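Being a predicted model, the structure only gives us computed values, none of them experimental. Naming: A, B, ... by sequence-line order, numbering from 1 per chain.
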Amino acid sequence: MEQNLFVYNTLSRKKEKFVPLHPPLVGMYVCGPTVYSDVHLGNCRTYISFDLIFRYLTYLGYKVRYVRNVTDAGHLEGDAGDEGEDKIEKKAKLEHLEPMEIAQKYTIGFREVMQILNILPPSIEPTATGHIIEQIELVKLILQNGYAYEVDGTIYFDVEKYNKTQDYGILSRRNLEDLLANTRDLGGQEEKRGPLDFALWIKAKPGHLMKWPSPWGLGFPGWHLECSAMSNKYLGKQFDIHGGGLDLVPTHHTNEIAQNMAACHTNPAKYWIHTNMLTVNGQKMSKSLGNSFLPHELFTGQNSILNKGYSPMTVRFFILQAHYRSTLDFGNEAMQASEKGFKRLMNAFTLLDKLEASASGEVEIAPLLQRCYDAMNDDFNSPVLIAELFEASRIVNSVYDKSLRIDEKNLSLLKQLMHDFIVDVLGLKNEQAAGDDLPNVMNMIMELRKDAKQNRDYATSDKIREGLQKIGFQLNDGKEGMTWSKL
RNA sequence: GGUCGGAUGGCCGAGUGGCUAGGCAGAGGUCUGCAAAACCUCGUACAGCGGUUCGAAUCCGCUUCCGACCUCCA
């Protein structure tokens, strides 16, 4: 179909034409959450962005295998190599639970949030603990190829040796000298040959709960290893897209590339895609800064920085109104703007079914449709797509008001356009989820009000309208009769 | 401190050499019993200072401010 998709590649820092390695198949790997706490809204932004990408690629007809992992072991507090405590294990000790109980709890919570935000499940959602064998095999391979060394049951990746033949900073565009010059002395790392070396496999200390037997004794895998092992297993040595948050570039993805290069002699992904951060007052949303909040708090409005709650689709719409590579600043004013805008869009989308075609028309939808494609083909530019959908909404409203005529052919094209891009590509859905009987009941009430109006009994007609308003329904008098919507 | 990125109208946000998105808020109008919605019109914004150019918000340089990464972070 449309073969003019351009994708921004972090490797080249340019937009590149998207050409899959094995069309029509597309392999995409996205770094998922570490399940030791609730995901906050900033995390959600990344998964919404990749959901958009997944949806659009699928819409274009590609057969996408989308792998998004769940990290349930190996992610340490402070990346001091082997000195930090496993995040999940730490939490488990605090709450007197099994580590796997922690992982289970937050995995379920994560999936719930994903579903509420209408984020499609990936094709495969592998866990680190489910792939210990694959990770051990990968460590063996890296050792064999001479890019790692063992110190008392812990295996380190030798960054400086790797950089002699490869470019360690290929993704982050930093050279080794600069990196070395800026390394902090964190102490407790005397085992390592170089300050940048990172652990592939870590010896379990006495009392460590999550550990597995390996050729080097009881231990557990390092954080970066799982993604290399699992992407390799499910997508092959080389696949099309590897993604994640921008903050993963300098460490996690840099080390991932080094691991794959050392083991398989190839950069795992052709296109590296990174999503930008969600900010609050210009600052990155993060747990440590204390400016993060949970999706649930946003939906209910129960957080001091929120002046009210916003529906999940409003949140999704808000996020899609910015391009994934730009920072997006969160604010109550911006949320309210999105809430109204989203309502407007969905209102027009609903009205679409009531439109009547004329024998001849004054609008051509084809150019508008092309602009929708153009927007998405330009590195998944959802804000521009949304602007075009508002243009479509204007057409819908004008036709509904009889100030514009549309013929049969263009009307059906318009219907297809709005459905495809709103529902399939943007993944938005109408939340006015009317119960089965509600439309009939509302029609009945509107009949009564119509009669009252015809009898010039405005006291009654206003009473009906105001009464409905109080319980959350808005009546709108139009030329073509009354419509209603949920407030 | 090092590396990188950004500064767009009241707010959020596209764009990136000429045709100056979009949403929200605001002003005026049409419609309406009144509202609401919808439609039409409007505000002529691109941190500052230089430079390149017929022409720059868009390219180059400098300055100021902000942020990200270098500790874990989507």
Query - Side-chain donor/acceptor of A:Asp462 to base of B:G33, under 3.5 Å - result: yes
Query raised in the report: Between the base of B:A35 and the side chain of A:Arg465, is there a donor-acceptor distance below 3.5 Å?
Result: yes
Query raised in the report: Where do A:Cys227 and A:Cys31 come nearest, in terms of heavy atoms and distance?
Result: SG-SG, 3.8 Å
Query raised in the report: Ring stacking, A:Tyr400 with base of B:A38, under 5.5 Å and under 30°?
Result: no
Requested in this report: Measure up the A:Phe317 and A:Phe342 rings against each other and bin them: parallel (under 30°), tilted (30 to 60°), perpendicular (over 60°).
Outcome: tilted
Query raised in the report: What is the distance from atom CD of A:Gln283 to atom CG of A:Leu289, rounded to the nearest 0.5 Å?
Result: 5.0 Å
Report summary line: Taken to the nearest whole Å, CG/A:Leu246 to C1'/B:C69 is 9 Å
Query raised in the report: Hey, does the side-chain of A:Asp477 have a donor or acceptor N/O within less than 3.5 Å of a partner on the base of B:C34?
Result: yes
Requested in this report: For nucleotides B:C11 and B:G26, find the distance between their P atoms and express it as a whole number of Å.
Outcome: 15 Å
Requested in this report: Give the rounded distance in Å between these two atoms: NE2 of A:His323 and P of B:G13.
Outcome: 14 Å
Query raised in the report: Given B:G22, is OP1 or OP2 found less than 4.0 Å from the side-chain N or O atoms of A:Arg394?
Result: no
Query raised in the report: Whole Å only: how far is the NZ atom of A:Lys340 from the P atom of B:A38?
Result: 9 Å
**Report entry** Atom pair distance, as rounded to whole Å: CE in A:Met346 and C1' in B:A37
**Finding:** 17 Å
Query raised in the report: For the side chain of A:Ser326 and the base of B:G6, is some donor closer than 3.5 Å to an acceptor across the two?
Result: no
Query raised in the report: When you check the phosphate oxygens OP1 and OP2 of B:A14, does a side-chain N or O of A:Asn381 lie under 4.0 Å from one of them?
Result: no
Query raised in the report: Side-chain donor or acceptor of A:Arg174 under 3.5 Å from a matching atom on the base of B:C69?
Result: yes
Query raised in the report: A:Phe50 ring centre to A:Arg68 NZ or CZ under 6.0 Å, with the angle to the axis within 45°?
Result: no
